[in-house]
2 protein chains.
Amino acid sequence: MKEVNASIITIGDELLIGQTIDTNSAFIAKELNKIGIWIKRKLAVADTKEEILSALDLQSKDSDIVIITGGLGPTADDITKPALCEFFKSELIINEGALENVKNIFKQLGRLVTDRNTKQAEVLSNCKVLENKRGTAPGMWFNHNDMIYVSLPGVPHEMKGLMVDAVIPEIRKTFALPAVVHKTLLTAGIGESDLADKLQDFEDSLPLHIKLAYLPSYGMVRLRLTAKNNDVHDLEPEVLEHFTTLKTITREWLVIDEDLSIQEAIFILLNERGKTLSTAESCTGGYIAHLITSIAGSSKIFNGSIISYANDVKTNLLKVDEKTLKEVGAVSEETVLEMLKGLLSQFNTDYGLATSGIMGPTGGSEEKPVGTVWIAVGKKGNMKAKKFKFRFDRKRNIELTAFAALNMLRKWILEEEAG
Amino acid sequence: MKEVNASIITIGDELLIGQTIDTNSAFIAKELNKIGIWIKRKLAVADTKEEILSALDLQSKDSDIVIITGGLGPTADDITKPALCEFFKSELIINEGALENVKNIFKQLGRLVTDRNTKQAEVLSNCKVLENKRGTAPGMWFNHNDMIYVSLPGVPHEMKGLMVDAVIPEIRKTFALPAVVHKTLLTAGIGESDLADKLQDFEDSLPLHIKLAYLPSYGMVRLRLTAKNNDVHDLEPEVLEHFTTLKTITREWLVIDEDLSIQEAIFILLNERGKTLSTAESCTGGYIAHLITSIAGSSKIFNGSIISYANDVKTNLLKVDEKTLKEVGAVSEETVLEMLKGLLSQFNTDYGLATSGIMGPTGGSEEKPVGTVWIAVGKKGNMKAKKFKFRFDRKRNIELTAFAALNMLRKWILEEEAG
């Protein structure tokens, strides 16, 4: 079995001026990776015919599949279709299904279809049309010189829908793909290089077709074992054996043995126990609540929050003593514990967490520099507070505080259970 | 004056398996763009010497500057330095300043320096070292074949610090750069293709050295005029004249005439008026509070929130009538207005906003499908509610609801002022 390689071309000036962060190519890579296709290269180019053509030439050299996103919009700078016409020596024709789709979308929006919009229904005459249920620009699939080219719109949710509904199934039909097994776990509380030291012997002992990857993010490190074998056989038992060893070595820092975020781990932990959580957030300003409520079904485990950004919200709603604020300040063990106590007394919740800190860039002092954070977790009658010190910019300090709070809560729940 | 072009190489398997979304290259592009340097191309490649070398060859063809990020970490898969050694025919040496920095960082962390860590202080013998104040891997600046190559760590806040503190000033010293002026405004409530129709004549009337870009995001469209001229003269008055015309044409949808987000526009609006805001969030789950509190100094205009995810938080804390919830449900005009009223009565705030909706994927009904949202904005004694209908996935529905709420608030404040 031949290895199948893919490459990605993202098209759009907005990518090259830094206006848009490219989330599309990560999604495409993940989806292809799942079915055993390795991405050779990702290339972002401007909305010019010359750049698009040279990108197509480059990516055609050593890839079996080239996925192209962007430049299919209705404005003058969207030039992907003319460039593809030149590359394939093809021409544009109106696709009736796509035209029907454009008309339907505008009907639903209660708007008139203009010439500009009907151009969205033009496709290359040599393509197989991939129906776009979420927008006006259809996807296009090309067989050309023993390779596959796929052109998708750049709007993320349209691209994602087309990848999952049309491109992946079509690729599965077209290629004989290798067996691939991924097993991922999440650690917290240990850095990448310390983990690497502890895992050196383990890594050396892995067979050649199983690789270990370190994937750090937000002060946590994800570890991923990937087994890939062209002789189709069941890799699962072999990977599981190594994964069990990996879990044993990392048990002290193990958050969850699946490819999930820490908020998803908390969701599972609480949901399994039928418990609920509420938050009292000062410095995280709702970010923890946002992380949790981004999970579908989170209403099962999440009651709500009081975001006490102003001190009078701390005193009025969370019943923090004014004396406490005056004597030790908002960023203190006493305040964060009183915030948690106030939260637990008012919310019909099992567990709570509270945060108070200085996220920067201003507001720091010698005694309490930017990055000083107090976090409290617990339940009625059993609370714990801990001080943290982060040293980054505002955005990252907020993120690290949120993830530290969730990890502190997780450990507290497990310790409390252990008794 | 010669045009200065740059290209970016991002290195790391994590980019090609989709584990990491590349935010670095957008930041680099933005910073270079500001000083009149255009990015030709962004290329992401795997952690292999072969791929890195072929990327360096490709990007060297038509760029004056190549910025390389990633692959400088302490683990075995970090291969950028050996690849650069081969490319430049150079060798690794220990840099004393960088070694001192590694030791200091570990001392601060209260940890021992291992061999793995001291390797972080190795740099290429032909580079100028760019001191990294935020991490262990120094940046490296190379003059090679009349081009500039810069190698930076992949950790975003380290890379950003090095770009701003060292790379940009060094580039300014090295090249004679063109005059560049950007003027950006943000619109809400009109789609890209409708805007393009309204702006066709304006766009046609622009001189060749001034370009208009459409930058859509989250149901809003940013419009950017960029003037670039190699003969250094003051482009500002000319651009301002066109920008004034652009503002006039788009005045109905204009949020702010700066390159800011809608939450930043709200911050400015409230701060100028000395007013404060609080939020009562159900379906947005704290996301609006998070957007606002991400802005440095937001405590001046933001009091806090009640995130009433569970219905009993709506009744207990926001004083929503149980009868209302029973009779018309949580996602209704009545509930969202009662939420806002309850919020305004309890928070010492000038303005408030409230959200309640069904974000999906479950929870929808025929009468109230996924994407149904009620938003209320206002102040004590003067409130307004409006129904919205979004049709995307959970993440995007939350985002669109938050931005719609902020825009509704903005318009309400301006209308109220107009009387």
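Quick note on labels: first sequence line is chain A, next is B, and so on, each numbered from 1.
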Side chain, backbone, both or neither: which part of [X] has a heavy atom under 4.5 Å from chain A?
X	result
B/I295	backbone
B/R41	both
B/E51	side chain
B/Q200	side chain
B/L58	side chain
B/I398	side chain

Is [X] close to chain B through its backbone or its side chain, or both, or neither, when contacts mean heavy atoms under 4.5 Å?
X	answer
A/N311	neither
A/T114	side chain
A/F27	neither
A/N303	both
A/S308	backbone
A/L317	side chain
A/I288	neither
A/R134	backbone
A/N24	neither
A/I306	both

Which atom names give the shortest non-hydrogen contact between [X] and [Y], and what distance separates them?
X	Y	answer
A/A289	B/I307	CB-CG1, 4.4 Å
B/A296	A/P361	CB-CD, 3.4 Å
A/T293	B/T284	OG1-O, 4.4 Å

Would you check if the side chain of A/R396 reaches a backbone N or O of B/H157 as a donor-acceptor pair within less than 3.5 Å?
no
Donor-acceptor under 3.5 Å (B/K42 side chain, A/L15 main chain):
yes
What's the spacing between [X] [atom1] and [Y] [atom2] if we round to 0.5 Å?
X	Y	atom1	atom2	value
B/D312	A/T349	CG	OG1	9.5 Å
B/K160	A/F392	NZ	CZ	12.5 Å
A/S54	B/K61	OG	NZ	8.5 Å
B/D194	A/L112	CG	CG	10.0 Å

Which residue out of A/S217, A/A310, A/G12, A/G360 racks up the most heavy-atom pairs below 4.5 Å with chain B?
A/A310
Looking at A/R394, A/R224, A/K395, which makes the most heavy-atom pairs under 4.5 Å with chain B?
A/R394
Could you check if a side-chain atom of A/S298 sits within less than 4.5 angstrom of a side-chain atom of B/Y309, using non-hydrogen atoms only?
yes
A/Q19 vs B/T184, test: side-chain contact (heavy atoms from CB on, under 4.5 Å). Steps then yes/no.
CA-CA 11 Å; A/Q19 189 78 33; B/T184 306; 5.5 Å; no
Would you call the rings of A/H290 and B/H290 parallel, tilted or perpendicular, taking 30° and 60° as the class edges?
parallel
So with a 6.0 Å cut-off around CG of A/D204, is the heavy-atom count from everything else above 12?
yes
Should B/W38 and A/I17 be marked as a side-chain contact (heavy atoms from CB on, under 4.5 Å) after you check the CA-CA gap, both sets of side-chain angles, and the distance that decides it?
CA-CA 7 Å; B/W38 177 251; A/I17 60 174; 3.4 Å; yes
